[in-house]
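Since the structure comes first, as structure tokens, the remarks are kept for the end.
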Amino acid sequence: MSAKGGGTALTRRNYRLSSDTDKPRATGIVNEKLLSDYLHHVFPSSKQGPAVASLRKPLSFQDLGAHLERLLSEGEPTEDNQAAEGRLGPQPVVLDHTSGFEGLLFVDDDLLGVIGHSNFSSIRATTCVFKGKWAYEVLISSQGLMQIGWCTLNCRFNQEEGVGDTPDSYAYDGNRVRKWNVTTTNYGKSWAAGDIVSCLIDLDEGTITFCLNGQSLGTAFTNIKTGPGVAYFPAISLSFKESVAFNFGSRPLRYPFSIDGLVNPPATDLTKAQKLLGYIKNVLSTAIDTQEERLVEKECAVWRLHGEPTVLITLAHIFNHFAPLMCKVYLVEDVLMNFLLGILEGGGSVDEHPLIQQLLDLFWLLMEDYEVNECLKQLMMSLLRAYRFSPIIPDLGFQIHYLRLTTAILHHEKRVVSLTNGTFDVLRSVVFFYIKTPLRVKEAGLEELIPTTWWPTHFDKEREPKDESADERLRRRAYERGCQRLKKRIEAIGDTLMMAILTKQFPSLCLFQGEASRYIFLNKFRKFLQENASNRGHPTALCPPEYMVCFLHRLITAVRTCWDEGNRKSPGSIRNEEAYVPPQLFYNGKVDYFDLQRLGGLLSHLKKTLKDDLASKANIIIDPAEIQTTSMDDLDEDEESGAAQRPFGAAAMGGALARPSWLSSPTLGRANRFLSTAAVSLMTPRRPLTQPEKVKVRTLTVEQRTEEDIEGSHSNDGLLLGRPLEEPDQPIADKSLLEIVDGIVMMYNLSVHQQLGKMVVVSDDVHEYAVALKDTEEKIARCPARRPDILEELQKSQKVFAEKLNHLSRRLAWINATIYSKEKMLDVYWLLCVCIRTIEHADNTGSLFAFTPEFYLNVAMNAYSALKNYFSPANSMEELPGYEETLTQLAAILAKHFADPRIVGTDIKDSLMQALASYVCYPQSLRAVERIPEEQRVAMMRNLLAPYEQRPWAQTNWILVRLWRGCGFGYRYTRLPHLLKTKPEDANLPSLQKPCPSLLLQRHMAQLLSMDKDMAASFLNSVLNQLNWAFSEFIGMIQEIQQAAERPERNFVDTRQLKVCATCFDLSVSLLRVLEMTVTLVPEIFLDWSRPSAELLLRRLAQLLNQVLNRVTAEKNLFDRVVNLRLPGLESVDHYPILVAVTGILVRILVDGDRQGTSRAASVLLSDPCFQLHSIQHLLGEGGGVLRLLGGRHLRCPMSFGPLSHVSLFMSRMFSLSVLQPTSEEDLCPICYAHSISAIFKPCSHKSCKACINQHLMNNKDCFFCKATITGVEDYSKPASS
């Protein structure tokens, strides 16, 4: 192997001077005496003393090899056969994935990490112990339900019983803080992800003890069964998706406790490595003064590799033995890592410790490539484990220590080679960007950092500062100061060491001029995204979400910094505040989006259907061979994907599967993965100055891309190939940054948003405990003096709640500093703006918008939701720069694309509809909708008024209801009046927001329905159809509920059935409110019978209203009985909401209209065969009716329907008109016998009412009676003479 640096050319095998005649050619070698003194000083004999030193033989390089072999063999420990006494089983110890398990498990490739994949899976090790003292460690990756301990071979586990649930098994459960041996009692502390559990067994004394992070939890079990035939295996039972990794001694135990691990440590190699490291230290601390021919002692820290032949040849002899040892993980972790950490113990910046760089130079010079790569890989893995499983202490000293060494290693100039060989890849390095959240605040030092705790005592959102007492203000300020101290301490790690790791490891982020390293990182980053995207929904997430969150923020910070630096170098490019991803990345094949869905459907389908648009708009021609290939791939897609996810070596039933993951297990081992994407290629494009040529392209996988595909060349635009005409010809940014931004958006969609939502639970817990504490304090104040027993119990509860709040408030401070800080909020806001601009640019491309991945729209909606719901109240969205403009831009996207025909996915369309429904529930976002251009507002309302049968209609109806809420009859309430005394499950739900009607959008709706008669008729017919269905379903369900309640045996109604029943009721009410809205805004739709379908719509409306009234208002009817049951889940089912909605419609058509219209409405209502006068009387409150609830604030509203006297007028009119019903049977329609004859058919002259004939003609053109074809229908009125 040639030397990898300047100076003398060496190889490991030819550095030895073979004879004295070779000496003159070896320039720079010192004289024999000085060389002998130097070698004896570097390689001292263990028997060497003052007397021996004077008699020692001269030592030269010719004798050094034998001398070194002799030194290494001195004191070499012999294999102690007694060390294995008391242990039975193979070495090394691993998990028994062949027969020692129960349930379904995913096991790492090293057989040390495991993830549960069934209800309660169990697995044991391959080795047991029956005598002596033994220990092993478990690295906790998730803090869920697990039972860790020991079991015998006779223990039989199942999906319900695991370790500790059988007589001869013993376990510790840190999730429930209990110990298990058939029965269970409290024991130990709660564990968290990142903790290490030590399991100790003393078979001589018959005891089992557990330790957490090196601290003993006390003896858990005594007098355990021992004796002949009894041996204990390490074992674990864990629930679904919980993960751990074992260390049986193949790596140094983190907390050894002077007890043997189950694996014999490599004592011989360990002794050799320590000796060789001592020799290296001697070389570093010894200098040769050739002028005075003497040896000089010096500090190791100032040693430099100057290419001195004497020193290099000496080191070459050492590394001849040292290099092979440094490929073993135990020696790297125990010897090398501790040595390097010792160099940095003095503190200071990494640049102040050049010795580490010099040592790495030696590694690259004197070790084979495979050796140095393996050594550095094991060193990085050891650092990752040490960083991840270090306890949180007040000064974060452990984390800082390991990060500084990692930064020093990545600071070395050979890091690009390491990137190429996969030593430091993206997957593993995300560990360094995460600081775990402590569950035990006392051990983490949060009590010292935040001595004063605080939590809000006022829970209304419109709280005024004057409501805060002086004592509360002081506590809040002290708490905020403590939070700031904590934040500065955490930022000291994040802003310096973590960012140093990111920029050192990924040179493209600091605009490193090595194009190769940038290309390497981009491909590795894309592979990272591919592995996480392809395993979405898989039981083993490749990268835990909490790591992804921190990595995303660090990446955004680095990208924005580099973007600004590039902007300064190229002033014409856009700033990072205006960043977006150009749309050509979505269809030019240079970026692989794997199997992620596009807005227009499958990519193969889009290539076939939009190939002409690609050619005309982007000068891109899809290779016909690829279209044929993708068509064939579509046929085999399911089969291939199933084969890809079929684990290797899995047992047929209940097998332990080889787990295709790495980071969910602390071993950080990697299993082989099979990633299936189409093998495609790209033809080199040309872009002459004349008319652009059509470029034939194929989609590239990550492995197939070249540097030119990313960066481009003089004849290739790289990632920006295929710029559409609508896209401005302006430099954006460095092309590699564009792909990283695209990856950041994908990362947020994969798991970051979900994790942000999970962490809000701590804030919710603080709120719940604060409410409970306040309620307890109020009870204490009201407690009578004669009941000291009650007072004592209340005071105990008060103490418990206060202690829990002290703990949670400190945890919340940590979470706010690491996850919900102002800086993190700005990152998410920047990501939201990137998505909005990207969607706007893609939308401008017309049909090519269909190529946009769905996750851009998802991230835009989810990022807004996170900013609004997750970061408050610590940070307010209103303080963000350009907040209102961004709201308006997002509103325009939602309004335009929720009914965009270019979007075909039902899930994304539903998400857009739900986002718009939530948007109109809040005043600020509703005002943003009103600020979008009028043309877009009108188009949005037109889409909302499309017939319901053609799409999911519940969310559409909900949007219309929210636009009306606050303007309807008795419709100003936030919560239903009969529920005001109950506590809402979540006051932040959109449905519980105060009414904020939009008069502007109501006007648009009125104009559309008034001008477009066909649309109005189809819309209202669909609303009436859905109302008929929803109310009928509701009635059918309450009949089943009533029947179940009346049975003599005790029956429980299915919760799901109750929920569906309540949903149907709510849908009925909301549909009635939309009808009320329509009748109020455009009454002529029903009352102007010159409009087609007006009479039919009015008759259908009257029929449905009568049905609703009859069902709800009848005395002691089914509805009353179900309401009186007060079943949980049916709280919203009550008389009030549905009757006031019906009353609002009746008042509008019978009181507030013109005389002709009200007369028609009254006549139609009274002529309906279902009409019953007592239903109307019930509305007035006769017999205890519900309209008494309408007094006060629920009746009067901005668009007032008048006082209750209007309803009285309506009643008197109904009484007077009730006598006007036809009395002659000859005047009634011969079809329905309910309405008067009002239409005559042509040409057969048969007669019926308009309602019957209009409904008949919707499906059939033949006459009811003679079957003649009806050519026309004319109005009919009875002659006066008759």
Side-chain angles (χ1 to χ4, degrees), residues 95 100-105 114-125 128-129 134-203 205-226 230-246 257 439-440 443 765 796 800 803-804 807:
L95 296 174
F101 63 88
E102 173 63 36
L104 186 60
L105 301 144
V114 62
I115 285 186
H117 190 46
S118 57
N119 184 42
F120 202 52
S121 307
S122 303
I123 191 169
R124 65 172 184 260
C128 62
V129 292
W134 304 91
Y136 70 93
E137 290 180 343
V138 180
L139 287 65
I140 305 296
S141 292
S142 60
Q143 62 191 47
L145 179 60
M146 295 179 283
Q147 294 174 198
I148 302 171
W150 303 84
C151 74
T152 65
L153 190 62
N154 295 326
C155 294
R156 294 292 179 263
F157 304 131
N158 53 45
Q159 293 292 306
E160 302 297 332
E161 295 182 340
V163 181
D165 298 324
T166 58
D168 294 332
S169 62
Y170 306 87
Y172 161 51
D173 176 3
N175 177 261
R176 293 173 288 190
V177 195
R178 306 184 74 83
K179 61 181 180 181
W180 296 81
N181 175 235
V182 183
T183 60
T184 178
T185 55
N186 293 332
Y187 174 79
K189 301 177 181 178
S190 62
W191 61 36
D195 287 342
I196 297 179
V197 175
S198 302
C199 304
L200 288 65
I201 188 169
D202 186 343
L203 291 165
E205 299 293 334
T207 62
I208 291 177
T209 304
F210 297 96
C211 304
L212 187 64
N213 295 329
Q215 297 182 355
S216 175
L217 302 177
T219 301
F221 303 101
T222 58
N223 299 321
I224 65 174
K225 184 179 179 180
T226 58
V230 179
Y232 288 92
F233 292 82
I236 185 174
S237 297
L238 64 174
S239 55
F240 184 62
K241 289 190 178 181
E242 303 302 333
S243 59
V244 299
F246 288 82
F257 297 104
L439 286 182
R440 299 173 294 276
E443 297 175 12
D765 289 345
K796 287 181 181 179
V800 171
E803 290 177 353
K804 191 68 176 178
H807 172 82

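For the single chain, residues carry numbers from 1 onward in sequence order. Heavy atoms only: backbone and side chains are in, while hydrogens, waters and symmetry mates are out.
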Mind checking the [atom1]-[atom2] spacing from [X] to [Y]? Nearest 0.5 Å is all I need.
X: Ser237; Y: Gln159; atom1: OG; atom2: CD; result: 10.0 Å
X: Tyr232; Y: Lys225; atom1: OH; atom2: NZ; result: 7.5 Å
X: Ile148; Y: Trp191; atom1: CD1; atom2: CH2; result: 4.0 Å

Residue list, side-chain hydrogen bond (donor to acceptor under 3.5 Å, both in side chains) with Asn158, at least two apart or on another chain
none
Using the side-chain hydrogen bond (donor to acceptor under 3.5 Å, both in side chains) criterion, which residues pair with Gln143? Sequence neighbours excluded.
none
Residues two or more places apart in sequence or in another chain: which of them pass ring-ring contact (aromatic ring centres under 6.0 Å, His included) with Phe157?
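None.
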So which pairs with a foot in residues 139-159 pass salt bridge (charged side-chain N to carboxylate O under 4.0 Å, His left out), sequence neighbours left out?
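The answer is none; no pair qualifies.
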Applying salt bridge (charged side-chain N to carboxylate O under 4.0 Å, His left out) as the test, list every pair that has at least one member in residues 181-201; sequence neighbours left out.
Lys189-Glu443, Asp195-Arg440
Residues forming a salt bridge (Lys or Arg N to Asp or Glu O under 4.0 Å) with Lys804, sequence neighbours excluded
none
Residues in salt bridge (Lys or Arg N to Asp or Glu O under 4.0 Å) contact with Asp165, at least two apart in sequence or another chain:
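Salt bridge (Lys or Arg N to Asp or Glu O under 4.0 Å) check on Asp165 returns nothing, list empty.
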So which atom in Ile115 and which in Ser243 form the shortest heavy-atom distance, rounded to 0.1 Å?
CG1-CB, 3.2 Å
May I ask you to decide if [Y]'s main-chain N or O and [X]'s side chain share a donor-acceptor pair within less than 3.5 Å?
X: Asn181; Y: Pro167; value: yes
X: Lys179; Y: Tyr187; value: no
X: Ser216; Y: Cys211; value: no

If only side-chain N and O atoms count, and only distance matters, is there a donor-acceptor pair under 3.5 Å linking Ser142 with Glu242?
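Glu242 vs Ser142: donor-acceptor pair found between side chains.
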Could you tell me which residues satisfy side chain to side chain contact (heavy atoms under 4.5 Å, CB included) with [X], sequence neighbours excluded, listed by chain and number?
X: Arg176; answer: Leu145, Gln147, Asp173, Arg178, Trp180
X: Ser121; answer: Leu105, Ser118
X: Ala193; answer: none
X: Val177; answer: Ser190

Phe101 and Arg124: side chain to side chain contact (heavy atoms under 4.5 Å, CB included), yes or no, with the steps?
CA-CA 6 Å; Phe101 63 88; Arg124 65 172 184 260; over 6 Å; no
Would you mind listing every ring-ring contact (aromatic ring centres under 6.0 Å, His included) that reaches into residues 206-226, with sequence neighbours excluded?
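Found Tyr170-Phe221, Tyr172-Phe210.
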